[in-house]
2 protein chains.
Amino acid sequence: MPNDDDTQPPLTREALGLAALQVLEREGLAGLSMRKVATEVGVKAASLYWHVRNKEELLDLLNDAIMAGAEAPPRVGDWRSQLREYCHRHRRHLLDRRDAAKVVAGRLAPGPNLLRLQEDQLDRLREAGFSDADAAMVTYLLGTYVQGFVLQEQSPLSASEAMGASRREAVDAAADQLRALPPEEFPNLTALAGDLTEPDMETRFAFGVERILDGLAALLPAEKR
Amino acid sequence: MPNDDDTQPPLTREALGLAALQVLEREGLAGLSMRKVATEVGVKAASLYWHVRNKEELLDLLNDAIMAGAEAPPRVGDWRSQLREYCHRHRRHLLDRRDAAKVVAGRLAPGPNLLRLQEDQLDRLREAGFSDADAAMVTYLLGTYVQGFVLQEQSPLSASEAMGASRREAVDAAADQLRALPPEEFPNLTALAGDLTEPDMETRFAFGVERILDGLAALLPAEKR
DNA sequence: ACCTGAACACCGTTCAAGT
DNA sequence: ACCTGAACACCGTTCAAGT
C-alpha cells in the first residue's frame, strides 16, 4: 500500500525508522524487507539507498524507533526498587514490540532514545553511591540481561510452538521430553523436569533481577545498601 | 565444492549439523544458505528437504553441533569457583565459533550436547545446597546471561567496525561520540564516557558473573556460602 | 528411500537514467 | 536533490520426475 495519505511528509531518516517499525509489527523481522519498507513510505526500493547505506543501517534506525516512548520509572523509593522497575519496564517495552529483542540485542550502538534512558540510569546509580566505573558496568550488565532474556522470551519455545501449539502445551511437551530421558544418565534433569519447565517467564525474569540486585548491593558500603 | 571425499558417509541429520557448522565458520550466519549446506554435503539444495522440514530445523541441528565439545570445568573448589568457570568456559566456547551466539540465543530447545552440560550443572548446584527450584532457575539465569553477553560481544560495535576499523578505533570513536553530546542534557554520559567505553569485554563479562554469584550466595544458608 | 531439475516468489544492491 | 526501471546474483521452498 503506497502510504494512504495524499501529501507525503518529507522522507527523513527518522520517518524511515518509523516505517520499518510498522512493517516489523505487521510482518515480523523475517518479513522486513527493503521493498516493503519502501512501499510503506510510498517509494520504490532503490530509493531507500539514497537515505541509507544498506539494510544494516536501516536496522539501526529501526533500533532507535523501537526504543522511542520507553519511560524511566518514577524517582521514588530506594535505588533497589528503582533499578528493579527499570528492568521490568525495559522488558515490558521490548516484549510489547514484535521481535524487538532480535533487532535490539545485536546492536551495541545506542540511538538517542536509549541514550536518554542510560543518562538517567547513570544518574541514579551515582546518586545511590556506586563509583563511576561501577555505574558504567552496571548499566551494561542490566542492559545485557534484559535484552538477552527477552530475546529468549520472544523466540518460540520449540518447533511445535512455532506451529500453532499454545505455550502451555509446548511447556508440557518440554517437561515430558525431560522426563523421558534415561534417568541413569540424566538423574537431575529427570528429577527437576517440573522445576525446570513450570515457572513462567515473569517469575524467571524477576528471579534474575533480584539475584543481580543482591549482587550489586555488595558493591556498596554497608550503610548505603 | 562437492565434498572432496569419494565415498559419501550416509547423510544423517547429525552430519547435516556438522556441515552447517562448517559453512557457518566459513561464511557467517548471513552466508549460511540451504544451497551452500547442500553443496557442503555433496547434494543439491532440494535434497535437504528430505532430511529436514525447513531451514529452521537445520538451525536446530546447527545449534547442537555448536555445543559439541563443550566441556564442564573440573569438579574442584567451592561452588562459586566452579560456577564461575562454567560461565567463562561457556563464553569462550561460543566466542570461538563464528556467530555462535546468534544461532544459539534464539533457540530454547536444548540439543543433547547442551543437555549433558545442564545435567552436570544441576548436579553441582544441588550439591552446593540450592533447592531444586532455585537450581533450575539458576541454570536458566546463567545460560541467559552468557548467551546474551556473547551475542553483544560477537556483534560489530558499530557500522564503522563492521567495515575494517579495529576494535580499538571503534571504541575510541564511541567514546568521542559520547563526549560530543551536549553536557547540559547528558552530564553523566559525557562525564563517564571513559568508564563506559574503556573496559574490555573480558572485564565486563567477569563483572556480571561476580555480581550474579554474589546474588546467588544470598540464596544459601550462611554456613554454605 | 533418497535425490534432482526446474520453477516460483521472493531477496539486497547497483546503476544508468530520469526530473 | 531525490526517485525510478531494470537488471544481477542470490534466496527458501515445492513438486513432479527420476533411480
Side-chain angles (χ1 to χ4, degrees), chain A residues 1-3 5-20 22-24 26-63 99 102-103 106-107 155-156 159 162-163, chain B residues 1-3 5-20 22-24 26-63 99 102-103 106-107 155-156 159 162-163:
Chain A
M1 284 282 120
N3 96 26
D5 262 84
D6 21 42
T7 65
Q8 311 262 115
L11 190 40
T12 64
R13 289 165 56 90
E14 205 201 345
L16 269 188
L18 260 164
Q22 274 164 287
V23 176
L24 183 73
R26 207 167 53 229
E27 322 242 11
L29 183 57
L32 182 97
S33 70
M34 298 297 274
R35 283 167 160 90
K36 284 185 196 149
V37 173
T39 324
E40 183 73 24
V41 295
V43 108
K44 294 297 156 71
S47 316
L48 294 187
Y49 291 83
W50 179 262
H51 304 272
V52 128
R53 191 195 303 275
N54 49 30
K55 189 178 182 183
E56 225 13 55
E57 203 173 296
L58 182 82
L59 290 176
D60 283 339
L61 299 176
L62 173 56
N63 180 39
D99 285 345
K102 269 203 199 46
V103 175
R107 255 142 245 289
S155 325
M163 344 229 153
Chain B
M1 286 279 121
N3 95 27
D5 261 83
D6 22 40
T7 65
Q8 312 261 116
L11 189 39
T12 63
R13 289 167 55 91
E14 204 200 347
L16 269 188
L18 260 165
Q22 274 164 286
V23 176
L24 183 72
R26 208 168 50 231
E27 321 242 10
L29 184 56
L32 182 98
S33 69
M34 298 296 275
R35 284 167 160 90
K36 284 184 196 150
V37 173
T39 324
E40 183 74 24
V41 296
V43 109
K44 294 299 158 72
S47 316
L48 295 186
Y49 291 83
W50 179 262
H51 305 272
V52 127
R53 191 195 304 273
N54 49 29
K55 190 178 181 182
E56 218 23 47
E57 203 173 297
L58 181 81
L59 290 175
D60 282 340
L61 299 178
L62 173 56
N63 180 40
D99 284 347
K102 268 202 193 63
V103 175
R107 253 142 246 290
S155 324
M163 343 231 153

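Everything quoted here is computed from the prediction, not taken from an experiment. Naming convention: chains lettered A, B, ... in sequence-line order (proteins, then strands); numbering from 1 in each chain.
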* For the side chain of A:S33, counting heavy atoms from C-beta on, which of D:dT13, C:dC11, D:dT4 is nearest? -> C:dC11

* Tell me: NZ of B:K44 to C1' of C:dT4, nearest whole Å? -> 7 Å

* **G-U wobble or Watson-Crick pairing nucleotide for C:dA16 (cut-off 3.5 Å, both distances)** => D:dT4

* Establish, with yes or no, whether the OP1 or OP2 oxygen of C:dT4 is under 4.0 angstrom from a side-chain nitrogen or oxygen of B:S47. => yes

* A:R13 side chain to A:V52 backbone, donor-acceptor under 3.5 Å -> no

* Is the shortest side-chain N/O distance from A:W50 to OP1 or OP2 of D:dC2 below 4.0 Å? -> yes

* Closer than 4.0 Å, any side-chain N/O of B:K55 to the OP1 or OP2 of D:dG12? -> yes

* Nucleotide D:dG12, atom P - distance to CG of B:L29 in whole Å -> 11 Å

* Interatomic distance, A:K36 NZ vs C:dG12 P [rounded to whole Å] -> 9 Å

* Integer-rounded Å distance: C:dT14 P and A:N54 CG -> 8 Å

* Complementary nucleotide of D:dC10, counting Watson-Crick and G-U pairs under 3.5 Å -> none

* Whole angstrom value for the distance that separates C1' of C:dC10 from CD of A:E27 -> 13 Å

* Identify which nucleotide among D:dC3, D:dT13, C:dT13 has an atom closest to any side-chain atom of A:L11, counting heavy atoms from C-beta outward. => D:dC3

* Roughly how far apart are A:E27 CD and A:D99 CG, rounded to 0.5 Å? -> 11.5 Å

* Would you say D:dA1 has OP1 or OP2 under 4.0 Å from some side-chain N or O of A:H51? -> no

* Asked: In whole angstroms, how far is the C1' atom of D:dC11 from the CE atom of A:M34?
  -> 16 Å

* Just wondering, are more than 12 heavy atoms of other shown residues or ligands nearer than 6.0 Å to CD in B:E14? -> no

* To do: Assess whether side chain to side chain contact (heavy atoms under 4.5 Å, CB included) is satisfied between B:E56 and B:R107, documenting all intermediate values.
  => CA-CA 10 Å; B:E56 218 23 47; B:R107 253 142 246 290; 3.0 Å; yes

* More 5' along DNA chain C: A:G31 or A:A46, using each one's nearest nucleotide? -> A:G31

* What does A:L48 touch in the nucleic acid at a heavy-atom separation under 4.0 angstrom: a base, only the sugar-phosphate, or nothing? -> nothing

* Nearest-Å distance for atom pair CD/P, residues B:E56 and D:dG12 -> 12 Å

* Would you classify A:L58 as touching base, sugar-phosphate or nothing, given that sugar-phosphate means primed atoms plus P, OP1 and OP2, and contacts are heavy atoms under 4.0 Å? => nothing

* Between D:dT13, C:dC3, C:dG5, which nucleotide gets closest to the side-chain atoms of B:V43? -> C:dC3

* To the nearest angstrom, how far is A:R35 atom CZ from C:dC10 atom P? -> 10 Å

* Asked: How far apart are the closest heavy atoms of B:M34 and B:N54, and which atoms are they?
  -> CE-C, 4.4 Å

